[in-house]
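A quick write-up on the structure given underneath.
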Amino acid sequence: MQRTFDVQAVREQFPALGREYKGRGVVYFDGPGGSQVAKQAIDAVSGYMERGGANLHGVFPTSTETEEILAQTRLAAADFLGGAPEEVAFGANMTTLTFAISRALAHEWDENSEIVVTELDHRANVDPWLIAASERGATVRWVRVDPETLTLDREDLERNINEHTKLVAVGLASNAVGTVNDVAAIAEKAHGAGAIVAVDAVHAAPHIPIDRDWLGADVITCSAYKFFGPHVGVTAIKRDLFERMSVYRLDPAPDHIPEKLETGTQNHEGIAGVKGALDFIASLGEGASQREKHISAMQTIEEYEADLAAKFRAALGDLPNVKLYAAPEGVHKTPTIAFRVEGRTNEEVCIHMLEHGFFIAAGDFYASTLAEKLGISDGGGFVRAGLAPYNTMEEVERFIEALEGFVKGR
Amino acid sequence: MQSFYKEIVLDHFQRPRNRRGLEEADIEEHIHNPLCGDHVTVYANLRGGTLEEVSFTGRGCSISQASASMLTEQLTGKSRDEAQEKIEAFLEMMRTQENEELGELVALKGIVQARNRLRCATLAWEAMRRALSGL
């Protein structure tokens with residue numbers, strides 16, 4: 001039986017949906033670049049600043065309240081990703097956090113070390129590791145993406161992991177084409193070789209339930225601005241690893257987890273907003289605990305979005321001169337739909353859709369290895385329609401109709 | 001003609017007929033097309049051999065929901081045999097060509113040109129076919 005998902009009630013939680021462009025309501029299909037922000041998150045950000053903020057470790061209320069907000073957000077993020085609050089650290093964004101984590105983990109690497117990255121990943125989960133490897137003289141191995149199925153080549157992955165492997169960096173889902181990787185199986189193989197598994201969950205976090213330990217991730221990192229919150233990065237690192245990680249930090253700064261990774265004064269109002277966003281997500285779910293609510297909410301969102309995405313992909317598949325980039329049926333995917341229109345530039349497509357009120361982006365979205373492999377780097381990559389829980393079936397149908405008019409020259 | 005068909009379908013989508021669940025109904029059949037994202041549940045009671053209170057709930061694209069709305073109007077008051085005949089005729093039309101005897105249902109055939117959308121239009125009918133054959 002279908003679950004209930006009240007999209008109108010969800011939409012009411014997003015003030016930005018009231019925006020108009022040239023007299024018509026905006027349709028946001030740019031969620032993978034950054035979602036719209038839930039009212040609860042906006043209120044939490046402004047509420048923090050209105051009540052009065054402060055730095056940490058003071059005896060006065062604005063300081064102790066700030067510490068309390070950080071603690072509560074850590075707890076909420078741990079409930080969202082699976083893990084303990086003291087394993088959760090904040091940062092500017094996933095890229096910045098990954099640079100800090102890679103530099104710390106690379107202390108354990110030398111010329112005999114190897115690391116594994118993938119051709120499917122966003123470069124934020126590739127380049128920080130490549131730079132760290134290069135500084136330590138370690139060898140980099142790339143896992144091939146199959147350009148036909150847009151999935152990772154599992155045999156190639158198995159070949160690339162060996163007793164020298166120190167790290168396997170893999171995305172939970174592709175931000176460009178939506179393929180969800182079988183991270184649990186990859187992590188099992190990596191752990192068998194004694195390697196650390198670093199998972200980029202930025203694209204997946206707004207779409208599917210996440211359990212760090214079920215996935216076998218030692219490090220899992222995401223960004224709240226993709227899941228209805230402000231621009232803050234969040235990582236959850238397994239305690240043993242986190243404790244032994246030798247991070248770059250200032251001498252007077254904390255040397256214990258998780259604060260040792262949080263260089264400089266954090267974005268307190270943003271972190272307050274992350275809590276607002278996570279509370280919003282939990283409000284869509286059911287369960288006795290926050291963790292249960294998060295999982296149930298994400299399952300409901302996933303189911304709702306999967307129906308929209310199925311319609312979207314099926315309808316795109318019917319349009320002439322439209323090339324859809326999607327893993328085959330049966331492969332788990334997020335509702336992120338990449339395509340190109342033959343004979344038209346991506347910019348022309350985006351501008352045409354903008355005239356119909358759709359905010360939609362094009363590019364390689366930093367999944368540049370994948371775009372190169374598909375031979376579309378020079379052509380400007382993909383047009384990417386990314387769905388969010390505030391999108392509707394009606395918007396999907398209107399999009400298809402407007403795109404059909406474009407490809408048929410109407 | 002195409003825009004006339006479209007009007008009929010949109011009217012059923014925007015003002016769906018008999019869109020409600022029926023508790024303890026003689027017929028309750030849910031169907032989901034994962035490839036297209038549509039859900040439909042059809043309901044009906046059998047009174048003295050005829051289908052009464054034919055209704056539906058669901059969510060999905062305009063075609064799937066409009067088609068379910070049309071089904072409820074088309075099958076209310078029909079005997080089981082008549083309903084099955086009508087369902088077969090509708091499914092046959094969707095596979096082949098327009099059949100003027102089917103009245104406004106022709107609108108669905110008219111606007112569903114693409115193979116991928118066919119299932120959207122037939123979903124509710126397949127659910128009712130399955131339910132009736134199981135009675």
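Worth knowing before you read on, the calculation uses all heavy atoms, side chains too, and leaves out hydrogens, waters and symmetry mates. Order of the sequence lines sets the chain letters (A, B, ...), proteins ahead of strands, with each chain counted from 1.
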Task: Pairwise distance NZ(Lys6(B)) to CD(Glu401(A)) - rounded to 0.5 angstrom - done: 3.5 Å
- [ ] Nearest 0.5 Å please: distance from the OG1 atom of Thr392(A) over to the CZ atom of Arg59(B).
- [x] 12.5 Å
Within the supplied structure, the quantity of interest is the number of heavy atoms (other residues, nucleotides, ligands) at a distance under 6.0 Å from [X] [atom1]; does it exceed 12?
X         : atom1 : answer
Glu24(B)  : CD    : no
Glu286(A) : CD    : no
Glu85(B)  : CD    : no
Arg19(A)  : CZ    : no

Open item on the list: On a heavy-atom basis, which atom in Lys311(A) and which in Cys36(B) lie closest, and how many Å separate them?
Closed with: CE-O, 3.0 Å
Open item on the list: For Arg117(B), is there an ion pair with Asp318(A) - N to carboxylate O distance below 4.0 angstrom?
Closed with: no
- [ ] For each of Met393(A), Arg313(A), Glu394(A), tally heavy-atom pairs with chain B at distances under 4.5 Å, and name the one with the top tally.
- [x] Met393(A)
TODO: Identify which of Ala309(A), Gly317(A), Ala310(A), Ala306(A) forms the greatest number of heavy-atom pairs closer than 4.5 Å to chain B.
DONE: Ala310(A)
